[in-house]
Structure formats: structure tokens, C-alpha cells
Amino acid sequence: MIITGPQCRAARALVEWSMEQVARRAGLDVKVIADFEARILSVAGGLAAHGVGQGDCVAILMRNDFAYLEASLAASRLGAYAVPIDAKP
């Protein structure tokens, strides 16, 4: 799907929003979102310290919970690809 015109401008504006702006717009608790973003940045820092960067793949083996989201979003922040590994038999 290719988005053009007004839809493209609206999509670009959404991408440029901070998590705080998204939280306010959705009526969510901004403190909770700020804490979540801080954890994402912390994980991203840890990944970067281990040499993860743009275009790298990061294998994620964990349960589906907030920690998984943090790891996945942290990889994305660095331009890396999150590769989920299913631990279920």
C-alpha cells in the first residue's frame, strides 16, 4: 500500500509524535508511558553497548509481556530488527 497526499502527511505527523503526546491524546497516564519509554531507552542502551546497531537482527526469546515489548521497541530504536523466537513446544 502506498500512502500519498493528506494521508501521508497525517501518517508522518503520527510518527513524529513522542510517546508522551500519544499518551495524552489517548487519555493514558503520562507517567506510566514515561516510565515505559525510559525502560525502552535503557534496554536500547544495553543493546548498543553490545554492538547492536542499524540493520542488525536481535533474537528475542521470552514470554509475551511488557519486557518483550521493551526489547522489541528498543531494537527498533536502534534501527535493528527484532526477531521473536517462539519458546512454546
Side-chain angles (χ1 to χ4, degrees):
M1 170 192 242
I2 298 174
I3 301 173
T4 60
Q7 292 174 332
C8 183
R9 286 189 294 278
R12 187 173 296 128
L14 285 174
V15 168
E16 292 172 355
W17 283 4
S18 69
M19 289 185 83
E20 181 179 337
Q21 289 171 308
V22 171
R24 287 185 194 285
R25 182 93 179 204
L28 300 173
D29 184 348
V30 175
K31 170 105 173 75
V32 170
I33 297 299
D35 291 344
F36 182 58
E37 184 160 16
R39 289 191 307 273
I40 291 169
L41 293 175
S42 176
V43 173
L47 290 173
H50 282 87
V52 175
Q54 180 95 22
D56 289 336
C57 294
V58 177
I60 302 174
L61 175 62
M62 60 177 52
R63 294 180 299 155
N64 289 335
D65 61 10
F66 283 107
Y68 170 81
L69 288 174
E70 292 165 4
S72 180
L73 292 171
S76 294
R77 283 283 169 100
L78 297 173
Y81 300 99
V83 181
I85 299 175
D86 189 359
K88 296 178 185 175

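The heavy-atom pair separating Ala44 from Leu78 by the smallest distance is O-CD1, 3.5 Å. Smallest separation of non-hydrogen atoms from Val52 and Ala80: CG1-CB, 3.8 Å. Heavy atoms only, all atoms of each residue included: Asp56 and Gly51 are closest at OD2-O, 3.5 Å. For Ala82 against Ser72, the heavy-atom pair with the smallest separation is CB-OG, 3.7 Å. Among all heavy-atom pairs drawn from Ile85 and Ala59, the shortest one is CD1-CB, 3.6 Å.
Residues Leu47 and Met62 share a hydrophobic cluster, clusters being chains of Ile/Leu/Val/Met/Phe/Trp/Tyr side chains in contact below 4.5 Å. Tyr81 and Leu69 are not part of a single hydrophobic cluster, where members link through side-chain heavy atoms under 4.5 Å apart.
Rounding to the nearest 0.5 Å places CG of Leu73 at 5.5 Å from CZ of Phe36. In this structure, Ile40 CD1 and Phe66 CZ are separated by 10.5 Å, a value rounded to the nearest 0.5 Å.
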